[in-house]
Protein chains: 2
Amino acid sequence: MKQKVTIKTIAKELGVSTSTVSKALRDSHEISTETKDKIRAYADHYNYKPNNLALQLRNQKTKVIGVILPKIVHHFFSTVINGIENGAREKGYQVIVCFSNETYQSEVDNLKVLSNGSVDGLLVSIAKETLQNKKFNHFIDLVNEEIPLVLIDRVIDSIQCDKVIVDDIGAGYKATKHLIDRGRKKIAFLGTPEHVNVGLLRQNGYAKALKESNMPVLRERIIEIDDEKDVKPQIDRIIKEDIDAIFAVNEIYAANAIRSAKENGLRVPEDVAVVGFTDGLISEFSTPSISAIVQHGYTMGKQAVELLIERIENEGETFAPRTKVVSSNLNIRESS
Amino acid sequence: MKQKVTIKTIAKELGVSTSTVSKALRDSHEISTETKDKIRAYADHYNYKPNNLALQLRNQKTKVIGVILPKIVHHFFSTVINGIENGAREKGYQVIVCFSNETYQSEVDNLKVLSNGSVDGLLVSIAKETLQNKKFNHFIDLVNEEIPLVLIDRVIDSIQCDKVIVDDIGAGYKATKHLIDRGRKKIAFLGTPEHVNVGLLRQNGYAKALKESNMPVLRERIIEIDDEKDVKPQIDRIIKEDIDAIFAVNEIYAANAIRSAKENGLRVPEDVAVVGFTDGLISEFSTPSISAIVQHGYTMGKQAVELLIERIENEGETFAPRTKVVSSNLNIRESS
DNA sequence: TTTTAACACGAAAACGTTTTCGGTTAATGT
DNA sequence: ACATTAACCGAAAACGTTTTCGTGTTAAAA
């Protein structure tokens, strides 16, 4: 990199002190218009830009917030980032994004680098592996250091911080209720293993709706898909069972269910209705298009960043952790 | 934020100098094992973490690379980030990602904050609006300051820097050739306005394949979809024309084309074959699934970050700009 | 006993800013 | 003519590190 022009070089070049240059550039009244003009002209001409690192080191404020998400190639998280970005920009904050790739180690690493003073606060959605291990010490340490932290979507109760979650129980209930209202009697649930707590909550909503209509919650109609590789065979299996509807816990599973159904000569929605979770592009462009719970990722991201900035800018006053619940809608399309 | 423990506090607390603490923590031979142990114990206990900003300010190296992309909710760019992330991690670099949302102003703003010393180098894919305005001064300034820069996918020739692009002409050619081989005679092209140069290149490939087979390149079979809102009506129009195949410049257009075809009672691929660009989830889960050019976003990201890091670590030696061309494959599915 | 060498540590500069506290000059008021 | 006050500017500290160069001990060698 080329030798950058700093306040020092300007000062030396113009025969004034660094203080004068600094003040001139910040338009202080202490400096005469004459010297101001001179300094400004020089700075302009040589394209002076203040060094952020130095500023941040001095101010002990970075005006940037760090985000750690499990994965990037994922519609929901993309929209969350979008919301964060916009919320942050409004308040004059920068956003830097890292990904844990669903692994514990990456999460810890990212946390370490970001909590070294590079950011004023953190937004994170916990990695699957971490959820599974139940190792949360890196987060506990964070709150002990009083670094502002807001958890998004994938949260755990024992961490004392602000949280933004979706009403997963309600969403599971809504989706199931919708299928029941459509006259379906044998509704299967396509979920993830227990440790991903949002999956469990959605399952609770599913069970709640069934019970309310005096329908049995049958173990064999609930599948927990463990390995990403096993999606297809497991769905193939359930589709051949005696069912007339499927509530899938995400978009991919829903799309796979439809494909399996078609391959087995079933019509959607006539023979088997399908409702998904996460309303993304797949749901929209699938044939038939898929009814799905729309998670308001944008809203969640925006709310989260607002909570965070509030914490950051009121440091000192330690008020109690807050939790925002963002509700979700069912977007009814052709598959149900 | 709580009062952080720094080298200074350790020094004061233990009655030694900051130099000693620094050296002890970096395991210098100059320090006796005795004091080393004492200092390490203290640092451990109080969870000392070196302040990144201070380090970076001193070293004039941040070990982070900045990425500016047009949008996040986009499969291709997601995979690019993935490649960048992994490539960077291998070399011990952090990645921070910003988005221009396809606007010129955001691009300039992001560039400004990142080029303030926060990053060692930049990876960017140019925003649509910038491409349209043809205002590239912010990039020119960057290369004048000798800040390492690598352009990805959406590049322009007048910027003297490393570039990673896909073989858009070849890809357009492959897709069109495939349709011709399938016996199609009247192939339409669904593209973007000229200023997005990748669109133009793909169109050139399309034309090349047609000419090679002595087929006419008809103006009325080429549509440039300008506004994102106009997608549907424009596609509806072309689908009613006398055509038997469509080559769409991206996934969304391809999916829309299929939907339009079905709505007009046409069978895919019997009546009209469809090939898309960007092989993402939509292509996979659409019915019929869509044949598509797979852009190797992951590879591009990885190559780009490798070029960049090479520049960063060999600063001084100014070697000529290099351009890497990543080829693409056609993934043949049901729609053709 | 004196010289030398090894060892353990500290002072200070440097990275690029901002800000507080003076200090100098000139103009103004009496 | 003297005191006061503006107006303008500079010195230095501070943010948290690392590193170079000294310097003071101590122990070994001469």
Side-chain angles (χ1 to χ4, degrees), chain A residues 1-40 42-43 46-64 113 115-120 145 315, chain B residues 1-40 42-43 46-64 113 115-120 145 315:
Chain A
M1 242 182 284
K2 193 195 276 186
Q3 169 65 13
K4 297 212 83 168
V5 27
T6 77
I7 277 199
K8 280 192 177 176
T9 61
I10 301 184
K12 189 172 299 175
E13 216 56 34
L14 261 41
V16 294
S17 78
T18 60
S19 343
T20 307
V21 176
S22 174
K23 287 174 191 164
L25 294 174
R26 324 198 81 234
D27 201 17
S28 158
H29 65 277
E30 299 185 14
I31 307 296
S32 68
T33 356
E34 200 179 0
T35 31
K36 268 188 202 169
D37 287 347
K38 192 175 60 176
I39 290 174
R40 290 225 195 87
Y42 189 98
Y46 287 98
N47 193 20
Y48 164 78
K49 297 187 227 166
N51 182 307
N52 245 330
L53 295 175
L55 279 180
Q56 295 172 1
L57 180 59
R58 170 155 233 281
N59 302 331
Q60 302 292 85
K61 287 258 167 247
T62 66
K63 278 279 186 179
V64 358
V113 289
S115 67
N116 269 295
S118 322
V119 301
D120 288 346
E145 291 175 50
E315 62 157 310
Chain B
M1 239 180 287
K2 195 194 277 186
Q3 169 64 14
K4 297 212 82 168
V5 28
T6 77
I7 278 198
K8 280 191 177 176
T9 61
I10 301 183
K12 189 171 299 176
E13 219 52 39
L14 261 43
V16 294
S17 78
T18 61
S19 343
T20 308
V21 177
S22 174
K23 287 174 191 164
L25 294 174
R26 323 198 83 235
D27 202 17
S28 159
H29 65 277
E30 301 185 15
I31 307 295
S32 69
T33 352
E34 201 179 359
T35 32
K36 268 189 204 169
D37 287 346
K38 193 176 59 177
I39 290 174
R40 290 223 195 88
Y42 190 97
Y46 287 98
N47 193 21
Y48 165 78
K49 296 186 226 166
N51 181 307
N52 244 329
L53 296 173
L55 279 179
Q56 295 172 1
L57 180 59
R58 168 156 235 282
N59 301 331
Q60 301 292 84
K61 288 256 167 250
T62 67
K63 277 280 188 180
V64 0
V113 288
S115 66
N116 269 289
S118 323
V119 301
D120 288 346
E145 291 175 50
E315 63 156 308

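All chains are named by letter (A, B, ...) in the order of the sequence lines, taking the proteins before the strands, and each is independently numbered beginning at 1.
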*asked:* Check the phosphate of D/dC15 against B/Lys8, side-chain N and O only, distance under 4.0 Å to OP1 or OP2. Yes or no?
replied: yes
*Distance in angstrom units between B/Leu55 CG and D/dC15 P, rounded*: 16 Å
*Rounded to the nearest angstrom, tell me the gap between atom CG in A/Asn51 and atom P in C/dT18.*
10 Å
*asked:* Quick check for you: among C/dT19, C/dG10, D/dT17, whose closest atom lies nearest to any side-chain atom of A/Lys23?
replied: C/dT19
*Selected nucleotide, minimal atom distance to B/Ala54 side chain, candidates D/dG16, C/dC9, C/dT17*: D/dG16
*Hey, are the side chains of B/Val5 and B/Ile10 touching, using non-hydrogen atoms and a 4.5 Å cut-off?*
yes
_Just N and O in the side chain of B/Arg26: are any of them under 4.0 Å from OP1 or OP2 of D/dT18?_
yes
*Report yes if a donor N or O on one partner sits less than 3.5 Å from an acceptor N or O on the other, where the partners are the side chain of B/Gln60 and the base of C/dC15; otherwise report no.*
no
*asked:* Just the rounded figure in Å: distance from P of C/dT17 to NZ of A/Lys12.
replied: 13 Å
*Figure out the CG/P separation between B/Asn116 and C/dC15, and round it to whole Å.*
18 Å
*asked:* Is it the case that D/dA11 (base atoms only) and A/Ser17 (side chain only) share a donor and an acceptor within less than 3.5 Å, ignoring hydrogens and angles?
replied: no
*Rounded off to whole Å, could you give me the CD1-to-C1' distance for the A/Ile7 and D/dA14 pair?*
15 Å
_On DNA chain C, does the nearest nucleotide to B/Asn59 precede the nearest nucleotide to B/Thr20 from the 5' side, or the other way round? Give the residue._
B/Thr20
_A/Thr35 side chain near D/dC9 phosphate (N/O to OP1/OP2, under 4.0 Å)_ = yes
*Is the side chain of A/Lys36 donor-acceptor paired with the backbone N or O of A/Ser28 at a distance under 3.5 Å, no angle test?*
yes
*No-H, no-angle donor-acceptor pair, A/Lys4 side chain to C/dG16 base, under 3.5 Å*: no
*Find which nucleotide of DNA chain C each of B/Leu57 and B/Glu34 is nearest to by heavy atoms, and output the residue with the more 5' nucleotide.*
B/Glu34
*asked:* With a 3.5 Å cut-off and heavy atoms only, can you find an N or O donor on one side and an acceptor on the other between the side chain of A/Glu30 and the base of D/dC8?
replied: no
*Has the side chain of A/Ser19 got a donor or acceptor atom sitting under 3.5 Å from an opposite partner on the base of D/dA11?*
yes
*Gap between atoms CG and P, on A/Leu25 and C/dT19 respectively (whole Å)*: 13 Å
*Specify the separation, in whole Å, of atom NZ of A/Lys36 and atom C1' of D/dA7.*
12 Å
_Heavy-atom check, side chain of B/Lys4 versus side chain of A/Asn116, under 4.5 Å_ = no
*Are any non-hydrogen side-chain atoms of A/Leu53 and B/Thr62 less than 4.5 angstrom apart?*
yes
*Looking only at side-chain atoms of A/Arg58, point me to the closest of C/dG10, C/dG16, D/dT19.*
C/dG16
*Which part of the nucleic acid, if any, lies within contact of A/Lys49, taking any heavy atom under 4.0 Å across all strands shown: a base, the sugar-phosphate backbone alone, or nothing?*
sugar-phosphate
*Does A/Gln56 place a side-chain N or O at less than 4.0 Å from the phosphate oxygens OP1/OP2 of D/dG16?*
no
*Looking at every strand, decide which applies to B/Ser22 at a 4.0 Å heavy-atom threshold: base, sugar-phosphate, or nothing.*
base
*Compare all side-chain heavy atoms of B/Tyr48 with those of B/Leu25 and state whether any distance is below 4.5 angstrom.*
yes
*Write down the distance between CG (B/Leu14) and P (C/dC9), rounded to a whole number of angstrom.*
11 Å
*For the residue pair A/Ile39 and A/Thr20, establish whether any side-chain heavy-atom pair is separated by less than 4.5 Å.*
yes
*Please state whether the phosphate of D/dC9, meaning OP1 or OP2, lies under 4.0 angstrom from any side-chain nitrogen or oxygen of A/Ser32.*
yes
